[in-house]
Visitor: 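Next up is a structure, given as structure tokens.
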Amino acid sequence: MVDCIFCKIVNKSIPVNLIFEDDEIIAFRDINPQAPVHVLIIPRKHIDSTMDISKTDESLIGRIHTAAQKIAINESVDKTGFRIVSNNGPDAGQAVAHLHFHLLGKRKLNWPPG
Ligand code: DGP
């Protein structure tokens, strides 16, 4: 997608602090961290939001979560705990219309979220 900032990150035209990549997924540190560990995990493929995930994306979504396990271990939050959040649409404050999962940890996370 031409005007998608995360597609530009996937295409390496915007630099990021990359912490994980495979043929379908990349993960990098959020530019505006909300916790000591704040990683964004995204599919390379452009998908606007959860509402645009199709049947053929089911294994991709699973892979994102097994990537999250590896990232949690590498970031040393696997034992202390972490949160995976995906904001979808205006009420959730989704700012970037490219499906992404925030992995947050290394601090006590409040519930319910704001
Ligand atoms: P959301 O509100 O769920 O759409 O969050 C989008 C996140 O993306 C937000 O926490 C900031 C992050 N972000 C936006 N642009 C960039 C960027 O250019 N680089 C990095 N590393 N993060 C970005």
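Order of appearance sets the numbers: ligands from 1, and atoms from 1 within every ligand.
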Visitor: For ligand 1, find each of its N or O atoms that sits under 3.5 Å from a protein N or O atom, and tabulate the pairs with distances to one decimal place.
Guide:
from	atom 1	to	atom 2	distance (Å)
ligand 1	2 (O)	G93	O	2.9
ligand 1	2 (O)	A95	N	3.3
ligand 1	3 (O)	N87	ND2	2.9
ligand 1	3 (O)	H100	NE2	2.7
ligand 1	3 (O)	H102	NE2	2.7
ligand 1	4 (O)	A95	N	2.7
ligand 1	4 (O)	V96	N	3.0
ligand 1	4 (O)	H100	NE2	3.0
ligand 1	5 (O)	H100	NE2	3.3
ligand 1	5 (O)	H102	NE2	3.4
ligand 1	10 (O)	D30	OD1	3.1
ligand 1	10 (O)	D30	OD2	2.5
ligand 1	21 (N)	R29	O	2.8
ligand 1	21 (N)	I31	N	3.4
ligand 1	22 (N)	I31	N	3.2

Visitor: Check whether any side-chain heavy atom of F6 sits under 4.5 Å from a side-chain heavy atom of I14, and report yes or no.
Guide: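 Not in contact.
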
Visitor: Could you tell me which residues satisfy side-chain contact (heavy atoms from CB on, under 4.5 Å) with N87, sequence neighbours excluded, listed by chain and number?
Guide: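 Here the qualifying residues are V85, A92, Q94, H102.
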
Visitor: With a 3.5 Å distance limit and no angle check, can you tell me whether N88 reaches the backbone of T50 through a side-chain donor-acceptor pair?
Guide: yes

Visitor: Do NZ/NE/NH1/NH2 and the carboxylate oxygens of D57 and K45 come within less than 4.0 Å?
Guide: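 Salt bridge between D57 and K45, a charged N being under 4.0 Å from a carboxylate O: yes.
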
Visitor: Quick one: do E75 and R29 make a salt bridge, cutoff under 4.0 Å?
Guide: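 The answer is yes: the pair qualifies as a salt bridge.
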
Visitor: When you look at CG of N11, are more than 12 heavy atoms from neighbouring residues, nucleotides or ligands closer to it than 6.0 Å?
Guide: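 More than 12 within 6.0 Å, yes.
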
